[in-house]
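A quick write-up on the structure given underneath.
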Protein chains: 2
Amino acid sequence: MILQFLWLFLISNKIFDIFVMNFNFYKNMLKAERHKYIMTKLIEDQKVVTTDLALALDLSEDTIRRDLNELDSKKLLEKVYGGAVQVKEKSDNVFDIAIVAEEQKKKIVTKALSLLHDDQVIIMSGGSTNLVFAKLIPADLKATIYTYSLPIAMQLSQHPNIDLIFIGGKMQKNAMVTIGMDVIQVVSKIKADICFIGASSINIKQGLTEVGYEISIVKKAMIEASDRVVSMFASNKLNTKMPHGVCDLTQLDTIVTELDPEDERLDEYRKSGVFIL
Amino acid sequence: MILQFLWLFLISNKIFDIFVMNFNFYKNMLKAERHKYIMTKLIEDQKVVTTDLALALDLSEDTIRRDLNELDSKKLLEKVYGGAVQVKEKSDNVFDIAIVAEEQKKKIVTKALSLLHDDQVIIMSGGSTNLVFAKLIPADLKATIYTYSLPIAMQLSQHPNIDLIFIGGKMQKNAMVTIGMDVIQVVSKIKADICFIGASSINIKQGLTEVGYEISIVKKAMIEASDRVVSMFASNKLNTKMPHGVCDLTQLDTIVTELDPEDERLDEYRKSGVFIL
DNA sequence: ACAAAAACTGCAAAATCATGCATTAGTAGG
DNA sequence: CCTACTAATGCATGATTTTGCAGTTTTTGT
């Protein structure tokens, strides 16, 4: 009986040693090492607890808290009451697309809603203005829409009454649109009533111009395929220029900006014959 | 001697503590973790019940209520009498796709990452499991990926080293994938090294089966176009059946589930010759 | 309308945190 | 070697946050 206890005692002593080793293992740790340890622990467990760390590293909780505050201010973790958790990946979600000046764009596209009618065949290019437009298309509109923009297709796929056709091809990843010959081929076979073209730049002489060559080609094909061509953009795009031409003003039927149609900044465009909404 | 017993007592206390810790697994949960747990639970079950949460987390109902109020004021959920429900009006943001049992799916697809190599040509079908897979594809993988799923294309468009080709066609809006002859035509011309097929249902006799006819046709074409066919799914899909056949087990090269490859539930599948990861 | 369940309010105990201050260790310069 | 300086750490103190409980109010179902 005694022997059993003695044995247990020895065993427990061993365990105790291990404990002590673990406790004091990190005793002479530099601050940087500690931070690394904390970050590793955080990734392992999804969280760290102040008291646990103080125990594990044999330091006062105050020091741990200071560490956590420091790491928090570096945005490496998020401090919470009792410890810290992983900083939530803000842009991990590819799917939330930030739209700059969304209110302004809403104002623009709302005007263009009057151009929509049931049973139209519509082509939409990419761009955040067109995305806002897609959001605001009335739920009861019945139409066929072609697009080659992923975000716009995502948006329109929520729409109950729209026949949606995505134009496939090689993805231009930053703009999230397809480009290339496959796109041109499909677009050139469409007979659309109306197309909505985002604009990088517009001016009197060159008309619509684009920053990318491939996009400019696709837009040319869109215009060719549509009876009516509408371009929506904010007024800061007026009188600017990009390397690749898309079409001149005579090929545009309607432009839509946030300005009053009678605004003097649009005078020259109005003279060229394009309808201003 | 007394000391020995004292020591034993301390040790047993420690062991006891560990037991208690395991028993009350969530006892030392940080508030932030709790909120995360609640939100996960909410997405899984579409609702949470105050009393259930109090029981599950071993906390008073008051605390749970305070949590729910807090999350409610952050607009992350909507508190109702007895618990909380998901905040509606998700039409505001089409783009955040809720993935049920994301952790389980991560476990599955992580196994499949070993099948990826540089310079492969890959076809990916739709489905949330494949979406999780797309998220976890290493940033340094250089490959060409074909897909006809909007969310997967969105996800992969963030990937710097992947040539991404979207297969266009008519959109099946609820699944956010393209379907139809256009898709078949493109797929049948691809010569892919490997394809990853989501599964609605799988069983020994019929193999892969699908709920939609069109999808089943597309998947047939995918299999035809690929040297190697991989299907990833959770084990609850095992031994279920849908109306439209895709392929039998002999046409599958690899299946991946969250189960251990030696699990007895996979015995019959293993016998059929398919490799189980 | 009434009883039971759920929710809210105020309160107190406990845990956690921020701050100021003293101590220590390491370091650079004379 | 000594001194002054700085950074890091621990401790004391008071503030803040969290949590459960008791009592009251609101909601729900019958």
Side-chain angles (χ1 to χ4, degrees), chain A residues 19-42 45-88, chain B residues 13-14 16-18 20-42 45-88:
Chain A
F19 263 96
V20 170
M21 259 179 62
N22 277 340
F23 271 133
N24 291 346
F25 183 71
Y26 303 105
K27 188 69 185 188
N28 288 5
M29 208 178 212
L30 299 175
K31 197 166 74 146
E33 288 181 272
R34 226 169 46 225
H35 287 187
K36 208 169 158 186
Y37 174 89
I38 291 173
M39 291 310 297
T40 308
K41 186 91 177 161
L42 180 65
D45 302 349
Q46 324 285 338
K47 67 159 182 180
V48 288
V49 178
T50 310
T51 52
D52 291 355
L53 284 174
L55 203 63
L57 301 175
D58 192 25
L59 287 167
S60 74
E61 294 180 18
D62 302 77
T63 302
I64 301 297
R65 264 191 280 275
R66 274 185 272 248
D67 284 343
L68 294 182
N69 280 328
E70 205 172 319
L71 292 168
D72 179 284
S73 67
K74 283 190 205 161
K75 309 279 174 129
L76 295 174
L77 49 73
E78 188 187 349
K79 194 168 175 339
V80 297
Y81 194 86
V85 295
Q86 286 177 303
V87 63
K88 56 177 159 190
Chain B
N13 249 7
K14 190 71 199 167
F16 178 68
D17 282 347
I18 292 168
V20 170
M21 258 178 62
N22 277 340
F23 203 84
N24 295 343
F25 181 68
Y26 300 110
K27 193 68 184 182
N28 287 21
M29 210 178 210
L30 302 173
K31 196 169 74 142
E33 279 184 282
R34 229 169 42 223
H35 287 186
K36 200 172 158 189
Y37 175 89
I38 292 173
M39 291 310 297
T40 309
K41 188 93 178 156
L42 180 64
D45 302 350
Q46 324 289 340
K47 65 164 185 182
V48 287
V49 179
T50 309
T51 52
D52 291 354
L53 285 174
L55 203 63
L57 301 175
D58 192 25
L59 287 167
S60 75
E61 293 181 20
D62 301 79
T63 301
I64 302 296
R65 266 191 278 274
R66 274 184 276 247
D67 284 343
L68 294 181
N69 281 330
E70 207 172 318
L71 293 169
D72 181 286
S73 68
K74 283 190 204 159
K75 305 283 170 94
L76 294 174
L77 49 73
E78 188 185 345
K79 195 169 176 331
V80 296
Y81 193 85
V85 296
Q86 283 177 301
V87 62
K88 49 178 178 272

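Proteins come first, then strands; the chains are lettered A, B, ... in the order of their sequence lines, and each starts at number 1.
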>> Rounding to 10°, can you tell me the angle the first-five-pair axis of the helix from dA1(C)-dT30(D) to dG30(C)-dC1(D) makes with its last-five-pair axis?
In response: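 The end-segment axes of the helix from dA1(C)-dT30(D) to dG30(C)-dC1(D) are tilted 40° relative to each other.
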> Can you check whether T63(A) has a side-chain N or O nearer than 4.0 Å to OP1 or OP2 of dG10(D)?
Replying inline: yes
>> Whether K31(B) contacts dT18(D) is assessed here as follows: a side-chain N or O lying under 4.0 Å from the phosphate OP1 or OP2. Is that the case?
In response: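 For K31(B), the contact criterion (side-chain N or O under 4.0 Å from OP1 or OP2 of dT18(D)) is met.
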[X] [atom1] to [Y] [atom2] distance, which is reported to the nearest 0.5 Å:
X: T50(A); Y: L68(A); atom1: OG1; atom2: CG; answer: 5.5 Å
X: L59(B); Y: R65(B); atom1: CG; atom2: CZ; answer: 12.5 Å
X: T40(B); Y: K36(B); atom1: OG1; atom2: NZ; answer: 7.0 Å
X: L42(B); Y: Q86(B); atom1: CG; atom2: CD; answer: 5.0 Å
X: K41(B); Y: K47(B); atom1: NZ; atom2: NZ; answer: 10.5 Å

Rounded to whole Å, how long is the line connecting atom [atom1] of [X] with atom [atom2] of [N]?
X: L53(A); N: dT16(C); atom1: CG; atom2: C1'; result: 14 Å
X: E33(A); N: dT9(D); atom1: CD; atom2: C1'; result: 16 Å
X: L57(B); N: dG20(D); atom1: CG; atom2: P; result: 11 Å
X: L30(B); N: dT19(D); atom1: CG; atom2: C1'; result: 15 Å
X: R34(A); N: dG10(D); atom1: CZ; atom2: C1'; result: 12 Å
X: L68(A); N: dA8(D); atom1: CG; atom2: P; result: 15 Å
X: D58(B); N: dT19(D); atom1: CG; atom2: C1'; result: 13 Å
X: D67(A); N: dT9(D); atom1: CG; atom2: P; result: 7 Å

> What's the shortest heavy-atom distance between V85(A) and A32(B), and which atoms?
Replying inline: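 Scanning both residues, the minimum pair turns out to be CG1-CB, 4.0 Å.
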> Looking at T63(B) and R34(B), what are the two nearest heavy atoms and their distance?
Replying inline: CG2-NH2, 3.6 Å
> In the 5'-to-3' direction, what one-character label does each nucleotide of nucleotides 5-14 of chain C receive under the scheme B = base within less than 4.0 Å of a protein heavy atom, S = sugar-phosphate only, - = no such atom?
Replying inline: BSBBB-----
> Does L53(B) reach the side chain of D67(B), with side-chain heavy atoms less than 4.5 Å apart?
Replying inline: no
Show me the donor-acceptor pairs within less than 3.5 Å that the side chains of residues 71-83 of chain A make with the rest of the protein, sequence neighbours left out.
unit_1: D72(A); atom_1: OD2; unit_2: K79(A); atom_2: N; d: 2.8
unit_1: S73(A); atom_1: OG; unit_2: E70(A); atom_2: O; d: 2.7

